[in-house]
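Fair warning: this is a prediction, and the values are worked out from it, not measured in the lab. Residues take their numbers from the sequence shown, with the count starting at 1.
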Amino acid sequence: MSVRRSTVIFAWILLLPAVLYVAVIVAYPLVDTFILSFTDASLKKTTKWVGTANYDKIFNATFAEVIIRTFVWTAFSVAIKMVIGTFGAVMLNAAVPGRALFRVLTMPPWIVPMAIGIFMWGWMYNGQFGMISGLLQNLGLVSGPVAFLAHGSTAFWATIITDVWIGVPLVTLYMLASMQAIPQDLYEAAWTDGAGRFYRFRRITLPLLVPSMITMSMLSLIATFNSFDIIWILTQGGPNGDTTTMIIDTYRTAIGSKKYGEGAARAVLICIFLSIFCITYFRVTHRLASGESR
């Protein structure tokens with residue numbers, strides 16, 4: 001056996017645990033879900049092959065609203081998290097008194113268990129004893145209790161605010177680490193040439209943060225698109241379905257209504273959307289890397 005062949009075999013032996021993990025944990029469930037989406041699987045004893053019938057049921061006006069709502073919910077949530085997180089990272093990276101304390105204060109939303117944090121926001125949104133409604137009444141901005149989770153428009157934005165509160169710390173820390181990785185020589189040279197703080201941020205910090213911002217946006221987009229806990233605990237997709245996203249609709253169909261085949265079809269559609277996002281991300285990062293190499 002040649003040295004090259006033995007090296008290749010040894011490399012595959014090292015990769016075998018990872019290959020088995022991907023095959024068992026990732027590939028098999030995906031393939032099984034895809035096959036299940038073409039059946040009428042439910043609590044019935046027999047399962048029949050129904051072809052594309054489950055997908056035909058998906059493409060209707062109601063589910064189109066769910067898709068649009070999911071994209072709007074995700075877009076607003078990710079955009080707000082990126083803006084606040086980047087701004088927070090800039091502030092934490094600045095040489096200001098109490099900077100270490102500010103860094104510690106960014107952690108609680110991330111440290112607190114998600115369910116507890118969501119329940120806390122649910123209490124704050126309550127119209128009878130919630131802090132937000134009480135504060136608005138004391139300020140004279142509203143004339144009576146406001147049940148934020150009882151109305152579609154307010155419930156929609158309430159879930160976004162909660163998701164932003166939970167996701168901002170990760171974005172802040174990631175962007176802060178990216179800022180601190182920027183060579184200080186660039187800032188010193190710009191400062192020597194008389195460049196102001198805003199000019200340095202616009203010409204040095206922001207361009208060098210673009211790859212990190214794209215990566216963080218992609219990770220946040222995937223997590224937000226698949227977010228289930230926040231909406232389910234706060235509204236369970238209500239009122240009147242005004243906060244129902246694709247992941248909530250999939251859960252209701254597959255688990256709530258026990259229509260596993262239809263739920264699998266919805267899950268496949270979610271995978272398709274996320275795959276498109278990932279492919280777009282890899283193409284963008286590849287172009288950025290190609291541009292930098294030139």
Might you work through the side-chain contact (heavy atoms from CB on, under 4.5 Å) test for Thr47 and Tyr260, ending with a clear yes or no?
CA-CA 10 Å; Thr47 299; Tyr260 306 127; over 6 Å; no

Is the number of heavy atoms from other residues, nucleotides or ligands within 6.0 Å of [atom1] ([X]) greater than 12?
{"X": "Phe71", "atom1": "CZ", "value": "yes"}
{"X": "Phe76", "atom1": "CZ", "value": "no"}
{"X": "Asn240", "atom1": "CG", "value": "no"}
{"X": "Phe87", "atom1": "CZ", "value": "no"}
{"X": "Trp49", "atom1": "CH2", "value": "yes"}

Between [atom1] of [X] and [atom2] of [Y], what distance do you get to the nearest 0.5 Å?
{"X": "Leu274", "Y": "Leu269", "atom1": "CG", "atom2": "CG", "result": "10.0 Å"}
{"X": "Thr250", "Y": "Arg252", "atom1": "OG1", "atom2": "CZ", "result": "11.5 Å"}
{"X": "Met114", "Y": "Thr162", "atom1": "CE", "atom2": "OG1", "result": "11.0 Å"}
{"X": "Glu262", "Y": "Asp40", "atom1": "CD", "atom2": "CG", "result": "9.5 Å"}
{"X": "Thr74", "Y": "Phe273", "atom1": "OG1", "atom2": "CZ", "result": "11.0 Å"}
{"X": "Ile84", "Y": "Met91", "atom1": "CD1", "atom2": "CE", "result": "13.5 Å"}

Identify whether [X] and [Y] are in the same connected component of the hydrophobic contact network (ILVMFWY, side-chain heavy atoms under 4.5 Å).
{"X": "Ile132", "Y": "Leu139", "value": "yes"}
{"X": "Met82", "Y": "Ile160", "value": "yes"}
{"X": "Phe63", "Y": "Ile68", "value": "yes"}
{"X": "Phe228", "Y": "Ile231", "value": "yes"}
{"X": "Leu234", "Y": "Val66", "value": "no"}

Indicate yes or no for a side-chain donor-acceptor contact from [X] to the backbone of [Y] under 3.5 Å, with no hydrogens or angles considered.
{"X": "Asn138", "Y": "Gly134", "result": "yes"}
{"X": "Thr245", "Y": "Thr70", "result": "no"}
{"X": "Ser133", "Y": "Val146", "result": "yes"}
{"X": "Thr253", "Y": "Gly263", "result": "no"}
{"X": "Asn54", "Y": "Thr39", "result": "yes"}
{"X": "Arg266", "Y": "Ile58", "result": "no"}
{"X": "Asn93", "Y": "Leu176", "result": "no"}
{"X": "Ser220", "Y": "Met216", "result": "no"}
{"X": "Tyr125", "Y": "Ala158", "result": "yes"}
{"X": "Ser77", "Y": "Trp73", "result": "no"}

Nearest heavy-atom neighbours spanning [X] and [Y]:
{"X": "Gly127", "Y": "Pro145", "answer": "O-CB, 3.0 Å"}
{"X": "Ser178", "Y": "Leu209", "answer": "CB-CD2, 3.6 Å"}
{"X": "Ile255", "Y": "Lys258", "answer": "O-NZ, 2.9 Å"}
{"X": "Met246", "Y": "Ile270", "answer": "CE-CG1, 3.6 Å"}
{"X": "Leu30", "Y": "Cys271", "answer": "CD2-SG, 3.9 Å"}
{"X": "Met175", "Y": "Ala89", "answer": "CB-CB, 3.7 Å"}

Is there a side-chain contact between Phe34 and Val268, using heavy atoms and a 4.5 Å cut-off?
yes

Could you give me the CA-CA distance, side-chain angles and deciding distance for Lys81 and Asp163, then say whether side-chain contact (heavy atoms from CB on, under 4.5 Å) is met?
CA-CA 9 Å; Lys81 279 187 283 190; Asp163 183 70; 3.0 Å; yes

Mind checking whether Phe38 and Tyr55 have parallel, tilted or perpendicular rings, split at 30° and 60°?
tilted

Establish, from distance only, whether the side-chain atoms of Thr243 and Thr235 form a donor-acceptor pair under 3.5 Å.
yes

Please lay out, stage by stage, how Ile161 and Trp121 fare under the test side-chain contact (heavy atoms from CB on, under 4.5 Å).
CA-CA 9 Å; Ile161 292 172; Trp121 277 98; 4.0 Å; yes

Steps toward side-chain contact (heavy atoms from CB on, under 4.5 Å) verdict (Thr280, Met218)
CA-CA 10 Å; Thr280 303; Met218 190 64 210; over 6 Å; no

